[in-house]
Amino acid sequence: MKKKEKPNYWLMKSEPDVFGIDHLIAMPKKTEHWDGVRNYQARNMMRDEMKKGDLVFFYHSNCKQPGIVGIMTVVKEGYPDHTAFDSNEKYYDPKSDPDNPRWYMVDIRHKRRLKRNITLEELKEFADTELKDCPLVRRGNRLSIMPLSEAQWDFILSLE
DNA sequence: GCCAACGTTGGC
DNA sequence: GCCAACGTTGGC
């Protein structure tokens, strides 16, 4: 009998003014490719580790009230970020060659909003306990995609 | 391969 | 808008 694999858990940041959860919900099938990531650590996670069916928190960054606003799911695994090849694109990178792409993305589908937003301020209260290993609540963290353990995921959801 | 300079992220 | 923290670049 085939056993269903457990999903991995992630958190992905985006600026609501640029692409927020409302933008995702407005997309056809509420699905969009997560382009524009130009950081190697985040790239590696999308290219190598994110699997179809994985669950992702949608985090709003660089805004009045940063925090987690919804849940998404991975619907397409890592493939080359074509926006890096197009000089008209904001995230154009001449060093990314279509024959040897430097940047990758995944496709993400909206699952649901949280019943209420869980703010960074609130999450920081657990920086020394339940979330002590989570880079999100550590000062100076700039990683736009990060993995969460199942325990961290469950804990955050329990705050909802 | 070191490291200073620079650019970007993102909370505040 | 400020600025700390961090990643990347490039001279040496």
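Keep in mind that this is a model prediction, so the values were computed, not measured.
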Enquirer: Choosing from B:dC12, C:dA5, B:dG10, which nucleotide comes nearest the side chain of A:S61?
Expert: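 It is B:dG10.
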Enquirer: Only one of A:D93, A:D35, A:D81 forms a side-chain hydrogen bond (donor to acceptor under 3.5 Å, both in side chains) with A:W103, so which one is it?
Expert: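 Only one option passes, and that is A:D93.
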Enquirer: Measure from the side chain of A:Q41, starting at C-beta and using heavy atoms only, and say which of B:dG11, C:dT9, C:dG7 lies closest.
Expert: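 Selected nucleotide (nearest to the side chain): C:dG7.
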Enquirer: Can you check the A:E15 CD to B:dT8 C1' distance for me, whole Å?
Expert: 10 Å
Enquirer: With respect to the phosphate group of B:dT8, does any side-chain polar atom (N or O) of A:K90 fall under 4.0 Å of OP1 or OP2?
Expert: no
Enquirer: Roughly how many Å is it from CG in A:L120 to C1' in B:dT9, rounded to a whole number?
Expert: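 Interatomic distance, CG of A:L120 to C1' of B:dT9: 14 Å.
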Enquirer: Side chain of A:K95 only, please: which of C:dG7, B:dG11, C:dT9 is the nearest?
Expert: C:dT9
Enquirer: Round to a whole Å and report the spacing from CZ of A:R43 to C1' of C:dT8.
Expert: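 In whole Å, C:dT8 C1' lies 14 Å from A:R43 CZ.
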Enquirer: Distance check needed: B:dT9 C1' versus A:R38 CZ, whole Å only.
Expert: 16 Å
Enquirer: Rounded off to whole Å, could you give me the NZ-to-C1' distance for the A:K13 and B:dG10 pair?
Expert: 7 Å
Enquirer: Anything under 30° is parallel, anything over 60° is perpendicular, the rest tilted; go ahead and classify A:F58 against A:F19.
Expert: parallel
Enquirer: Given atom CG of A:N39 and atom P of C:dT9, what is their separation to the nearest angstrom?
Expert: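 Rounding to the nearest Å, CG of A:N39 and P of C:dT9 are 11 Å apart.
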Enquirer: So that I can tick it off, tell me whether A:E32 and A:R109 are bridged by a salt bridge, with the cut-off set at under 4.0 angstrom between side-chain N and carboxylate O.
Expert: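 Here A:R109 does not pair with A:E32 in a salt bridge, since their nearest N and O are not under 4.0 Å apart.
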Enquirer: Return no unless some side-chain N or O of A:Y59 is found under 4.0 Å from OP1 or OP2 of B:dG11.
Expert: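 Indeed, a polar side-chain atom of A:Y59 lies that close.
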Enquirer: Search all heavy atoms of A:R138 against all heavy atoms of A:K132 and return the closest pair with its distance.
Expert: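 Minimum heavy-atom contact is NH1-O, 3.5 Å.
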Enquirer: Over how many whole Å does the gap from A:N141 atom CG to B:dC12 atom P extend?
Expert: 12 Å
